[in-house]
2 protein chains.
Amino acid sequence: MAAQRGQRNGVAPGAAEVTAPIPRVTAGGPEVPAARDRARAIPEAAVARLAVYLRVLSGLQEQGAGTVSSEELAVAAGVNSAKLRKDLSYIGSYGTRGVGYEVSVLIGEIERILGLTRKHSVAVVGIGNLGHALANYGGFPGRGFPVSALFDIDADLVGIPVGGIPVDHIEDITRVCLEREVSIGVIATPPPAAQGVCDRLVAAGVQCILNFAPVVLQVPDHVEVRKVDLAVELQVLSFHVARRADGPPPVRRTVNGRVDGMVVS
Amino acid sequence: MAAQRGQRNGVAPGAAEVTAPIPRVTAGGPEVPAARDRARAIPEAAVARLAVYLRVLSGLQEQGAGTVSSEELAVAAGVNSAKLRKDLSYIGSYGTRGVGYEVSVLIGEIERILGLTRKHSVAVVGIGNLGHALANYGGFPGRGFPVSALFDIDADLVGIPVGGIPVDHIEDITRVCLEREVSIGVIATPPPAAQGVCDRLVAAGVQCILNFAPVVLQVPDHVEVRKVDLAVELQVLSFHVARRADGPPPVRRTVNGRVDGMVVS
DNA sequence: AGCTGTGAAGGACTTCACAGCC
DNA sequence: GGCTGTGAAGTCCTTCACAGCT
């Protein structure tokens, strides 16, 4: 059991070693990064941004844009253009110097890298308030992530359709997930139930989990977990409010009427 | 207008310069970091983890634990112990060598640093499926974040209580937020409405925003934004599924009924 | 002997800045 | 002249490893 990996910072240390390409001390020559390794080489942080670029690009395409410059795209995505170009360079060279990027080409390449050319069935476990909201998201954000199974422990909910899908009992999770080839499990249960649900999902062959329960899940190394933690988000914001309260935003706090040696008042 | 900051990576570059303590080329002496600067020095990544430690510690306290070692706490929080100790060292030295940390002390100190000793009123904008779920979270994850206002553009919803709070019309956002001293705004609207709502929240003096809409918000430098982006999370998971498909995972993909030389069927 | 606290080394990600192509 | 692609430099974060206290 390894703790969950790469969330809101890098990829986990120990865990990474397992999946990472073996240091590759190829006999008879220096390291020869195979073309396939390219994907591995994309920083996790860049992957998340590629998803953002993709959304922005889709918007541009709907507006009929044919090409974009790195600067335009960067502003729309809320990053600086150097970072954007670096991110795009991880997936290849699809721009034209002096011109920019062709929107449709970029969309295609990012979708390919993110694996969006294939559909990923999603199962939502825990049909409470949040589970309802998730199930109703309708095909889930962007196409490509059809919700194909819902589970709850409450027998009264079983059979009732939510967002068009009937709820199954959690006991059937393994069978149903296998049948419907679920590749992503979403945990929206109360905290105490989360680890148990996670274990069942893993047993059912689900390799990726999106966890909304405020619990640190323990999973085997080959399972990828991402978490969305409301409490953490709010507390980080709270920290910033607090910082602002003490800290001297524009100029350093005064000490005896002085600021860094400069007389202030 | 600066794009939103520090999300899933560091703090933004340009933005940070504004708040960061000026490089301090103090006349006549080396850098003298004031004690208060300690908070500034906590890496964003560490702040998010502190929130996780806090939750784990609360659990331990309920179980009656008096002290914990860095190793125990680290395992429970899903990080390694060196990182945990480093994170805790940012807020001070509250452990006892040879023994560990006193649970209650650590809880108190983390709460202090995260600014949880003060309450932060939360307003939720957009009372759709997600907004409902958020409003019903009940006082919001952990105490300290009372939901004190709900807004929607739909006049039919106005006055209806959700999770005990009656919905106000979005037109009244400025007045109500000021009256109820809202410090954190949560955006759960459809994408096209998000930027407009954000602008209104900012106009109402809200300095922290948690954004669930899949849109890159543009905000002034002094406003802190964090986003929760379902589509991005799923797409990052999708990327990992795709990676796994090429690369050699634990066991190589079958080729002609064989797996890495082992007969399969 | 056990465990914390932390400099220092290492690694990942970001930004710079400019060569290279259109 | 304009814009991409990318080594190199810089910054931030993580991990190591051990000194220092109990």
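Within every chain, numbering begins at 1; the chains are lettered A, B, ... in the order of the sequence lines, protein sequences first and strands thereafter.
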Can you find a side chain N or O atom of [X] that sits less than 4.0 Å from OP1 or OP2 on [N]?
| X | N | result |
| --- | --- | --- |
| B:Arg49 | D:dT14 | yes |
| B:Ser70 | C:dT4 | yes |
| A:Asn80 | C:dT15 | yes |

Rounded to whole angstrom units, what separation is found between the [atom1] atom of [X] and the [atom2] atom of [N]?
| X | N | atom1 | atom2 | value |
| --- | --- | --- | --- | --- |
| A:Tyr94 | C:dC22 | OH | C1' | 20 Å |
| A:Leu84 | C:dT14 | CG | P | 12 Å |
| B:Lys83 | D:dA17 | NZ | C1' | 18 Å |
| A:Asp87 | C:dT15 | CG | C1' | 12 Å |
| B:Tyr101 | C:dG2 | OH | P | 18 Å |
| B:Ile91 | C:dT4 | CD1 | P | 14 Å |
| A:Ile42 | C:dA12 | CD1 | C1' | 15 Å |
| A:Tyr90 | C:dA12 | OH | P | 11 Å |

### Query
Are B:Val241 and A:Gln207 close enough that some pair of their side-chain heavy atoms sits under 4.5 Å apart?
no
### Message
Could you check whether any side-chain heavy atom of B:Asn211 comes within less than 4.5 Å of a side-chain heavy atom of B:Val228, counting everything from C-beta outward?
### Response
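No, every pair of side-chain atoms sits at 4.5 Å or beyond.
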#### Entry: Toward the 5' end of DNA chain D, by each residue's nearest nucleotide, A:Ala82 or B:Val99
A:Ala82
#### Entry: Sequence-distant partners of B:Glu109, side-chain contact (heavy atoms from CB on, under 4.5 Å), two or more places apart
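Once residues adjacent in sequence are excluded, the partners of B:Glu109 under the side-chain contact (heavy atoms from CB on, under 4.5 Å) criterion are B:Ile91, B:Tyr94, B:Val105, B:Arg112.
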Taking N or O atoms only and anything under 3.5 Å, show me the protein contacts with nucleotides 18-20 of chain D, one pair per line.
unit_1, atom_1, unit_2, atom_2, d
D:dG20, N3, B:Arg97, NH1, 3.1

### Query
Looking at A:Arg49 and A:Glu44, does any basic side-chain N land under 4.0 Å from a carboxylate oxygen?
no
### Task
Write down the atom of B:Ala51, the atom of A:Val232, and the distance for their closest heavy-atom approach.
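Result for this residue pair: CB-CG2, 3.9 Å.
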### Task
Apply salt bridge (charged side-chain N to carboxylate O under 4.0 Å, His left out) to B:Arg85 and list each qualifying residue two or more places apart in sequence or on a separate chain.
none
### Query
Hey, which of these two, A:Lys86 or B:Leu88, hits DNA chain C nearer its 5' end, going by closest nucleotide?
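The residue mapped nearer the 5' terminus is B:Leu88.
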### Task
Applying side chain to side chain donor-acceptor pair (under 3.5 Å), run through A:Ser81 and A:Glu71 and close with a yes or a no.
CA-CA 5 Å; A:Ser81 63; A:Glu71 184 61 31; 3.2 Å; yes
### Query
If you check every side-chain atom of B:Thr96, which of C:dT15, D:dT14, D:dT22 has the closest atom?
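Of C:dT15, D:dT14, D:dT22, D:dT22 is nearest to the side chain of B:Thr96.
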